[in-house]
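Below, chain A is the first sequence line, B the second, and so on; all start at residue 1.
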There are 2 protein chains.
Amino acid sequence: MMTGAAAPRLVDIAQSAGVSVATASRALSGRQGVSTAVAERVKEIAESLGYIGNVHARSLAGGTSSSVGLVVHEVADPYFSEIASGVMRVAGRRGLSVQMCHSGRDPQIELRQLRTLIANRVGVIVVAGSGYLDAEAERSIHRELTRFTQAGGRVVAIGRHQHATDAVLPANTDGAQAVTRHLLALGHRRVAVVTGSLGLTTVADRLTGVHRALAEAGIPREEVPVVVAPFTRDGGKTATLEVLREHPGSTAVLALNDDMAIGALSVLRSRSLRVPDDMSVTGFDDVPVAADLSPSLTTVRLPMQQMGEKALELALRPAAKRPRRVVMPATLVERDSSGPPRRS
Amino acid sequence: MMTGAAAPRLVDIAQSAGVSVATASRALSGRQGVSTAVAERVKEIAESLGYIGNVHARSLAGGTSSSVGLVVHEVADPYFSEIASGVMRVAGRRGLSVQMCHSGRDPQIELRQLRTLIANRVGVIVVAGSGYLDAEAERSIHRELTRFTQAGGRVVAIGRHQHATDAVLPANTDGAQAVTRHLLALGHRRVAVVTGSLGLTTVADRLTGVHRALAEAGIPREEVPVVVAPFTRDGGKTATLEVLREHPGSTAVLALNDDMAIGALSVLRSRSLRVPDDMSVTGFDDVPVAADLSPSLTTVRLPMQQMGEKALELALRPAAKRPRRVVMPATLVERDSSGPPRRS
DNA sequence: TTGAAAGCGCTAACAA
DNA sequence: TTGTTAGCGCTTTCAA
């Protein structure tokens with residue numbers, strides 16, 4: 001793709017400075033073993049010639065990598081863009097490049113992307129986003145990741161836990177339990193859960209939290225419908241429409257992410273149903289806009305940027321004997337979209 | 001960073017297959033000059049050994065690059081994450097890797113990131129986000145970019161036009177003119193503009209559109225205050241507070257991006273001012289959530305994902321003699337946050 | 001159709 | 001402190 005014309009190389013710098021490439025290399029990478037004077041001159045010349053070292057050559061010769069791979073489901077999704085932002089902040093500080101790719105929530109694509117990252121010889125891979133309950137898919141991914149770590153690479157997962165890698169885990173179950181308790185405490189009994197694919201581990205974990213809270217309250221889980229649709233705003237709309245149609249007595253929509261909750265709010269508004277008077281709505285994640293919605297969204301806050309930062313920091317530390325897991329707190333944020341159920 | 005243990009190399013594959021590395025290379029890259037039988041066997045062996053080619057070696061030997069650099073101000077900003085999503089979609093289709101970095105709206109950092117991308121020998125660079133009115137800063141950036149293109153690299157800018165590179169340009173001026181006209185047509189005369197730094201070319205362009213519409217209506221631009229704050233939600237809050245304090249007679253807040261408009265809505269709500277009855281609010285960009293706010297936000301739609309796609313597609317085509325500019329339409333989207341001014 | 005060998009630009013022993 | 005040199009893993013002439 002790139003023609004590669006006359007960019008100055010290390011030899012050129014060395015020649016200009018009247019030293020060997022070895023000395024030039026040492027001088028530019030700030031290693032010791034060069035007199036200050038020479039180092040000084042080499043750097044000046046490099047600067048004036050606009051020299052920029054070739055990372056490929058360096059990586060090939062040194063066997064080192066200065067880039068990190070980041071796999072997200074979809075960067076336009078605020079959950080992932082927040083995480084990505086955290087990863088990039090840490091990478092920026094350490095002078096690392098970030099190679100990002102989309103998995104599109106598809107294990108096949110994820111596998112391909114992983115292979116690309118490995119081909120690019122990234123030193124670490126951060127995999128963000130839910131895993132898949134499809135055992136076969138997970139196995140292939142796991143195999144690739146294992147090979148990578150055995151070759152000296154570091155892997156950290158965010159929000160998935162079935163691999164034997166280090167992981168940053170949001171307290172999905174606790175968070176879901178907290179928000180469910182919140183609705184129950186307000187007096188809701190006819191809650192409808194609105195969620196993305198049950199094949200995502202994130203969903204499974206959050207659903208576990210919901211069921212725990214129901215169990216505490218002695219409510220049989222069969223009484224709480226679970227409506228599945230894509231894990232997006234549009235999915236939230238579809239699902240909410242279904243709730244309204246199939247479960248007309250519901251007094252609260254408990255969405256398993258904010259996107260779906262936003263879709264729910266939008267449908268309710270268009271139906272002229274007041275939130276929370278006619279229907280309470282809760283989300284999960286606390287994306288930045290949740291606080292600015294009207295009504296502001298009751299949700300579960302996940303420190304997404306910190307999760308990204310933490311993940312890369314973890315990856316940059318050498319591997320421990322046993323996989324490290326860092327659990328990030330999920331905290332209920334009570335806002336205006338939830339309230340007591342209407343009297344019926 | 002990466003220790004690099006026993007990942008199979010091309011020689012290993014060649015050896016296993018009983019052919020030379022040259023043949024193995026040809027077979028794996030699908031070039032012709034190898035008998036189908038041999039090619040077949042080599043591929044099988046590579047597959048079974050889990051061979052993943054080393055991009056660094058390939059790039060070094062072949063002088064080619066299969067990665068693209070993407071510079072955004074901040075990926076957690078929906079404007080940029082939408083663009084990034086578009087870029088990544090096209091990259092994914094073409095089997096290219098994307099190296100993304102933050103400029104943080106700081107020309108120094110942007111320059112450094114650019115150099116990192118060049119060091120990584122990306123074939124193309126997509127620079128998203130406003131340029132800087134600081135001439136000195138732009139010059140350094142321009143110099144680096146020029147050197148890159150001269151060395152055969154391709155550069156496409158999104159939303160900035162001072163470089164002699166190909167560019168994807170949203171119709172900022174037209175869009176701003178349209179939204180300003182809209183407010184004027186509703187009867188507003190006391191409009192307050194709320195914007196990010198005047199040092200950003202995006203802001204300059206949008207302001208030009210505002211001024212054009214004012215001129216059309218015969219309103220002296222001095223009558224319309226321009227309040228500057230960071231180009232973020234918080235900036236929108238700060239600026240709106242200032243509007244309320246310093247320009248109490250205003251009947252409309254014309255924000256130059258959606259983020260600031262969202263901040264404005266939030267402040268107005270907390271002051272119990274009704275939108276649009278007491279105050280109209282308009283945004284710019286049409287980020288996904290704009291339609292779901294309450295009231296839904298009147299704004300100017302920019303096809304952000306398409307801008308990202310278009311930019312990379314443009315970059316992947318060979319350079320033309322003269323820089324190409326693709327203008328993307330900015331369309332007014334009238335929603336519920338704007339209405340006639342209250343009678344005073 | 002295949003193979004041998006010369007690099008790509010750099011780092012890292014090893015010598016001097 | 002400096003230089004020489006052997007690779008890193010691959011692609012690509014050039015011969016066979």
**OP:** Would you please confirm or rule out a distance under 4.0 Å between OP1 or OP2 of C:dT1 and any side-chain N or O of B:Ser35?
**Re:** no
Original post:
For C:dA4, does either OP1 or OP2 sit under 4.0 Å from a side-chain N or O belonging to B:Ser20?
Top reply: no
**OP:** Round to the nearest Å and state the distance from B:Arg31 atom CZ to C:dT1 atom C1'.
**Re:** 14 Å
**OP:** Measure the distance from CG on A:Leu10 to C1' on D:dG3 and round it to the nearest whole Å.
**Re:** 13 Å
**OP:** Could you check which of D:dT2, D:dG7, D:dC10 has an atom nearest any side-chain atom of A:Ala61?
**Re:** D:dG7
**OP:** Consider the side chain of B:Ala22, meaning its heavy atoms from C-beta on, and name the nucleotide among C:dT2, D:dT4, C:dA4 that approaches it most closely.
**Re:** C:dA4
**OP:** Among D:dT2, C:dT11, D:dC10, find the nucleotide with the atom closest to the side chain of A:Arg26.
**Re:** D:dT2
Original post:
Within the pair B:Arg121 and C:dG9, is there a side-chain N or O less than 4.0 Å away from OP1 or OP2?
Top reply: no
**OP:** Could you point out which residue of B:Arg139, B:Arg115, B:Arg112 forms a side chain to side chain donor-acceptor pair (under 3.5 Å) with B:Glu144?
**Re:** B:Arg115
**OP:** Could you tell me the separation between the CG atom of B:Leu60 and the P atom of C:dG9, rounded to a whole number of Å?
**Re:** 7 Å
Original post:
For the side chain of B:Val21, counting heavy atoms from C-beta on, which of D:dC10, C:dT11, C:dA5 is nearest?
Top reply: C:dA5
Subject >> Protein-nucleotide distance (A:Arg9, atom CZ; C:dT11, atom C1'), rounded to Å >> reply: 16 Å
Original post:
B:Val19 side chain: which of C:dG3, D:dT2, D:dC10 is closest?
Top reply: C:dG3
Original post:
With the threshold set at 4.0 Å, does a side-chain nitrogen-carboxylate oxygen contact exist between A:Asp166 and A:Arg317?
Top reply: no
Original post:
How close or far is atom P of C:dT2 from atom CG of B:Leu28, stated in whole angstroms?
Top reply: 14 Å
Subject >> Distance in angstrom units between B:His56 NE2 and D:dC10 P, rounded >> reply: 12 Å
Subject >> A:Tyr51 side-chain N/O to C:dG9 phosphate OP1/OP2 under 4.0 Å >> reply: no
Subject >> Residue A:Asn54, side-chain heavy atoms: nucleotide from C:dG9, D:dT11, D:dT2 that is nearest >> reply: C:dG9
Original post:
Is there a side-chain polar atom (N or O) of B:Ser59 under 4.0 Å from OP1 or OP2 of C:dC8?
Top reply: no
Original post:
Counting heavy atoms not belonging to A:Arg31, are there more than 12 under 6.0 Å from its CZ?
Top reply: yes
Subject >> Heavy-atom neighbours of A:Arg93 CZ exceed 12 at 6.0 Å >> reply: yes
Original post:
Starting at the 5' end of DNA chain C, which residue's closest nucleotide do you reach first, B:Gly62 or B:Gly33?
Top reply: B:Gly33
Original post:
Is there a side-chain polar atom (N or O) of B:Ser25 under 4.0 Å from OP1 or OP2 of D:dT11?
Top reply: yes
**OP:** Output yes when A:Glu110 and A:Arg160 qualify as a salt bridge under the 4.0 Å nitrogen-oxygen rule, no when they do not.
**Re:** yes
Subject >> Spacing between B:Glu40 atom CD and C:dT2 atom P, to the nearest angstrom >> reply: 13 Å
Subject >> Separation of C:dC8 P from B:Asn120 CG (nearest whole Å) >> reply: 21 Å
Original post:
Phosphate oxygens OP1/OP2 of D:dT11: is one of them under 4.0 Å from a side-chain N or O of B:Ser29?
Top reply: no
